[in-house]
Amino acid sequence: MSFETKAIHAGRSVDRTTSAVTMPIHLSTTFERAEDGTYPNEFIYSRENNPNRQALEHCLTSLEDGHDCVTFASGMAAISSVIEALPADKPRRVIMPNDMYYGIRSLLSDTDIGINFDIDVVDMTDLNQVEKVVKKAPTGLVWIETPSNPLVKVTDIAAIAGIVQQAGAYTVVDNTWATPILQRPLSLGVDFSIHAATKYIGGHSDLMIGAVIAKSDSQMLANLRAWQHAKGAVPSPFDCWLALRGVQSLAPRMATHCSNAAAIADFLNQHPKVEAVHYPGLADNPGYAIAARQMDSFGGMLSFQVKGGEREAMTVAAKVQLLIRATSLGGTHSLIEHRASVEGSTTTAPPNLLRLSIGLEHVDDLKEDLAQALG
Ligand SMILES: *Cc1c(COP(=O)(O)O)cnc(C)c1O
């Protein structure tokens with residue numbers, strides 16, 4: 001079945017008791033046992049499993065042609081669980097990219113994860129460096145984020161998976177920015193694909209969920225399921241219902257996100273007040289060839305550097321009327337963000353960089369707003 005069809009039908013069925021075509025929200029925390037002590041519908045207690053969560057997990061498994069999916073209360077709950085679920089017989093060494101979601105850097109600096117694991121940071125776009133770092137010491141986990149945040153760098157997933165496989169480590173791709181329709185990491189040889197479903201999968205900036213989709217059965221997957229049950233950072237039934245509602249329109253939404261973003265990237269690239277545009281769909285972008293190979297389109301995220309410095313960039317952000325100054329991404333509305341000031345003193349974002357999450361508005365309105373803001 002094609003992606004578009006699975007996004008609408010996978011994990012769902014007409015409700016047998018009422019014939020409702022849309023799944024009800026099952027708020028019940030507990031489920032009745034039969035007289036013989038069994039659970040006829042398998043559900044026992046909502047932290048362990050819930051019908052809405054199960055439907056969402058089945059749908060996401062299907063969308064990435066995976067083996068199973070484990071969801072959490074946020075993208076970061078999923079990400080921290082993946083690192084902590086590294087099986088005890090694996091080396092406590094994690095290799096991470098130098099351009100990556102800021103929340104993961106906070107996780108490493110503000111919690112024990114940064115102490116309990118040896119973290120090695122590398123430029124994932126440089127395969128020689130990756131190979132050197134992987135060979136330096138026994139490794140448990142290699143982390144890929146592509147396209148990356150905030151510089152929209154593209155990493156060759158299949159090439160890294162090849163290097164890592166020989167070392168016996170697990171590979172993970174944070175697939176949030178690409179979404180399951182544009183990029184399917186499991187088919188490129190990695191073990192786990194992660195999503196902040198908070199973003200494009202939900203698609204309307206109104207829920208928080210993290211999802212880990214596994215390519216096959218493994219000790220790590222068993223640990224993740226146990227982590228979900230035992231630590232209990234589970235998504236609510238309502239958030240699961242919203243995500244399953246949102247994901248139905250992922251394909252047409254992404255088509256518009258991508259075509260709008262490509263047009264905005266072209267527009268900014270020709271603007272005299274713009275120093276640089278970071279978007280893998282631009283033919284002169286260093287990630288263009290790899291993105292063209294491993295993605296179906298180039299995504300809805302881009303960043304650009306305003307000529308001058310932080311003040312000039314902040315002025316552009318201050319002047320927008322239609323775009324909204326806010327963090328996050330993947331909703332129907334376009335967002336603009338000055339990353340360096342959001343991330344604080346430890347940021348690696350250039351001071352004149354603005355990040356855009358391009359929404360589903362008419363592209364001419366977005367261009368007009370950016371044109372007046374750039375002055
Ligand atoms: C937002 C985001 C996360 C974290 O997701 P939350 O739901 O906010 O916890 C992780 N990775 C990427 C790439 C993101 O954009």
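We count ligands from 1, going down the list as the structure has it; atoms in each ligand are counted the same way.
Cation-pi geometry between Lys215 and Phe192 is not met: the NZ or CZ atom fails to fall both under 6.0 Å from the ring centre and inside 45° of the normal.
Partner Tyr102 forms a side-chain hydrogen bond (donor to acceptor under 3.5 Å, both in side chains) with one of Thr348, Asn149, Thr346 and no other, that one being Thr346. Applying side-chain hydrogen bond (donor to acceptor under 3.5 Å, both in side chains) to His278 and the options Arg355, Gln305, Lys153 leaves one that passes, Gln305.
The aromatic ring centres of Phe298 and Tyr288 sit less than 6.0 Å apart.
Thr347 is linked by a side chain to side chain contact (heavy atoms under 4.5 Å, CB included) to Ala340, Glu343, Ala349, counting only residues two or more places apart in sequence or in another chain.
One distance of note links OG of Ser81 with CZ of Arg225; it measures 12.0 Å at 0.5 Å rounding.
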Could you check ligand 1 for N or O atoms lying under 3.5 Å from protein N or O atoms and list the pairs with distances?
residue, atom, partner, partner atom, Å
ligand 1, 7 (O), Gly75, N, 2.8
ligand 1, 7 (O), Thr198, OG1, 2.6
ligand 1, 9 (O), Gly75, N, 3.1
ligand 1, 9 (O), Met76, N, 2.8
ligand 1, 11 (N), Asp174, OD2, 2.7
ligand 1, 15 (O), Trp177, NE1, 3.4
ligand 1, 15 (O), Lys199, NZ, 2.8

